[in-house]
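Below: the structure, in structure tokens.
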2 protein chains.
Amino acid sequence: MEAFLPVTAQQLQAIQSFRTGTRRVEAGGTIVDEHRASPQLFTLYAGWAFRYKTLSDGRRQILGFLLPGDFVGLQDEFADGQTHGVEAVTDATLCAFARERLWALFQTQPRLGYDITWLAAREEKLVDDHLVTAGRRNAGERVAMLLMHLYRRAQRVGMVRDGWVEFPFNQQHIADALGLSLVHTNKTMRRLQRLGLYKLDGGWLRILEPHALETLGDYFERPLRPVPMI
Amino acid sequence: MEAFLPVTAQQLQAIQSFRTGTRRVEAGGTIVDEHRASPQLFTLYAGWAFRYKTLSDGRRQILGFLLPGDFVGLQDEFADGQTHGVEAVTDATLCAFARERLWALFQTQPRLGYDITWLAAREEKLVDDHLVTAGRRNAGERVAMLLMHLYRRAQRVGMVRDGWVEFPFNQQHIADALGLSLVHTNKTMRRLQRLGLYKLDGGWLRILEPHALETLGDYFERPLRPVPMI
DNA sequence: CGAATGCTTGACGGTACTCAAAGATTGTGG
DNA sequence: CCACAATCTTTGAGTACCGTCAAGCATTCG
């Protein structure tokens with residue numbers, strides 16, 4: 001797939017030896033518990049998932065969404081338990097790695113170590129953008145930005161068919177990602193739909209006016225370099 | 001300093017060969033331009049700085065604050081220019097590294113590569129927390145959280161003297177970090193001051209009721225492990 | 001068919017934003 | 001040393017965006 005960097009046979013072997021198995025999680029299931037440090041790192045192979053944190057009174061903030069190819073769990077490496085949860089939105093397939101072998105991987109395969117750093121840096125950029133959204137955009141801009149963002153990322157990994165993407169989120173997910181209430185999220189999304197900017201049907205999303213949404217969200221994705229795949 | 005991991009002589013030498021020089025930036029000066037990819041990575045040696053992004057109409061979001069020991073610029077590694085700015089709040093001293101030598105560093109010094117990944121993961125955790133603040137906390141909680149957060153981090157690197165920390169930010173900085181307006185930030189801060197939770201005098205901050213602020217912000221920092229220093 | 005989940009809408013209230021202007025503080029030049 | 005500008009802080013008044021509460025509607029599932 002063109003979104004990912006090519007891998008040599010030797011690297012592939014190193015990745016294989018680093019992995020400890022495949023895991024399946026059904027829709028709505030917990031991939032990483034919010035309050036327990038995970039002994040594993042994951043790469044998402046198939047499905048949609050998200051990272052989140054909850055305040056003690058239950059308010060939840062979704063930190064980011066995960067698509068196939070995304071690497072999760074590095075943030076916990078030094079967190080001593082104070083970390084974030086990961087939950088599957090659809091049925092998901094993951095590749096698991098032993099956290100304790102991470103250092104060995106860096107030693108024996110510096111290239112893969114470098115790639116992991118790359119992925120970590122990219123992740124942080126996503127959170128940076130998300131923070132701008134939550135901090136400085138209004139409701140309409142937030143929705144526009146999120147729709148374009150998810151669409152573009154899905155497109156990149158080949159999840160768009162005839163202009164439609166699987167969109168398995170409910171409005172509570174969107175609200176928790178954007179820092180809005182459920183009701184206000186609903187009203188904002190309805191408004192943008194009535195304006196004809198996008199369409200949502202049976203869990204599938206179609207962007208009707210990409211330029212309008214990009215302008216509204218002040219969010220223009222540039223073509224991205226291929227990403228390493230661990 | 002106990003906040004940092006010890007370094008071997010050999011590692012120190014590797015770090016030295018990686019660095020390309022020291023840079024001084026005066027208060028208010030630009031460390032990294034928001035719209036130009038920086039050819040350098042930095043470690044902040046002295047002073048306060050912050051990372052930020054601005055929307056096209058001028059709204060600014062501060063992504064995080066930088067204290068001595070913090071490493072900046074990794075996010076740009078693969079960003080193709082779509083990045084964030086870094087600005088000095090006080091006079092600042094930085095150690096510069098050539099970005100192009102990063103890969104060589106990973107090859108020859110896997111330990112330092114691993115440490116850089118550590119720092120990147122830690123950075124992302126900070127942004128995650130910040131995102132929860134902007135997305136799900138109200139004004140009082142945001143201010144409480146930020147004050148405790150900055151105080152604890154400063155304390156960790158020995159910047160607290162007799163309970164006072166240098167606090168060189170103006171209210172616009174705070175507002176842009178928290179995603180609030182200047183006026184509302186002012187009113188909220190005044191309110192917490194009148195409640196006797198903290199004191200601010202001549203650019204120095206003193207936390208009077210740490211427990212109350214932690215509870216209000218629902219933010220409890222655990223003791224952190226020592227951090228690598230590049 | 002009833003329960004559960006999610007979407008939609010209206011009404012109302014409050015938090016936070018904007019506008020405006022008056023202090024306070026600092027720095028600069030005559 | 002004072003006048004004046006510039007910057008930052010503080011406060012008040014009015015408004016709007018967004019949150020909460022409540023209830024109706026649609027869809028799915030057992």
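Residue numbers begin at 1 in each chain, while the letters A, B, ... track the order of the sequences. Atoms considered below: every heavy atom in the structure, side chains included; atoms not considered: hydrogens, waters and symmetry mates.
Atom C1' of nucleotide D/dT9 and atom CD of B/Q193 are separated by 11 Å, given to the nearest angstrom. Rounded to whole Å, the distance from CZ on B/R136 to P on D/dC18 is 13 Å. As a whole-Å value, the separation of A/D176 CG from C/dG6 P is 12 Å. When the P atom of D/dG19 is taken as reference, atom CD of A/Q171 falls 14 Å away, rounded to whole Å. In this structure, B/M189 atom CE and D/dC8 atom C1' are separated by 12 Å, rounded to whole Å. Taking atom CZ of residue A/R191 and atom P of nucleotide D/dA16, one finds them 15 Å apart after rounding to whole Å. Whole-Å rounding puts the B/I174 CD1 to D/dT10 P distance at 12 Å. In this entry the distance linking CG of A/L178 with P of D/dG19 reads 10 Å, nearest Å.
Put simply, the side chain of B/V25 reaches to within 4.5 Å of the side chain of B/L94, judged on heavy atoms.
Contact annotation: side chain of A/K187 to base of C/dG10, donor-acceptor pair present below 3.5 Å.
A side chain to side chain contact (heavy atoms under 4.5 Å, CB included) with A/W48 holds for exactly one of A/V89, A/D91, A/L66; it is A/V89.
Using a 4.0 Å cut-off, some side-chain N or O of A/R190 falls inside it from OP1 or OP2 of C/dT9. Between A/Q172 and C/dT5 there is no side-chain N or O to OP1 or OP2 distance below 4.0 Å. Side-chain N/O atoms of A/N170 include one lying less than 4.0 angstrom from OP1 or OP2 on C/dG6.
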- Item | Full working for side-chain contact (heavy atoms from CB on, under 4.5 Å) between A/M189 and A/N186 | CA-CA 5 Å; A/M189 291 182 73; A/N186 176 281; over 6 Å; no

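Using a 4.0 Å heavy-atom criterion, one finds that B/L180 contacts the sugar-phosphate atoms exclusively. Using a 4.0 Å heavy-atom criterion, one finds that B/G28 contacts no nucleic acid atom at all. Here A/G203 lies out of heavy-atom contact (under 4.0 Å) with every strand.
Between the side chain of B/Q61 and the backbone N or O of B/D176, at least one donor-acceptor pair lies under 3.5 Å.
Between B/F50 and B/Y52, the ring planes lie tilted relative to each other; the angle falls in the 30° to 60° range.
Annotation: of the two residues near DNA chain C, B/T188 and B/V183, the 5′-most nearest-nucleotide partner is B/T188. Nearest-nucleotide mapping onto DNA chain D: of A/L182 and B/N186, the residue sitting toward the 5' end is B/N186.
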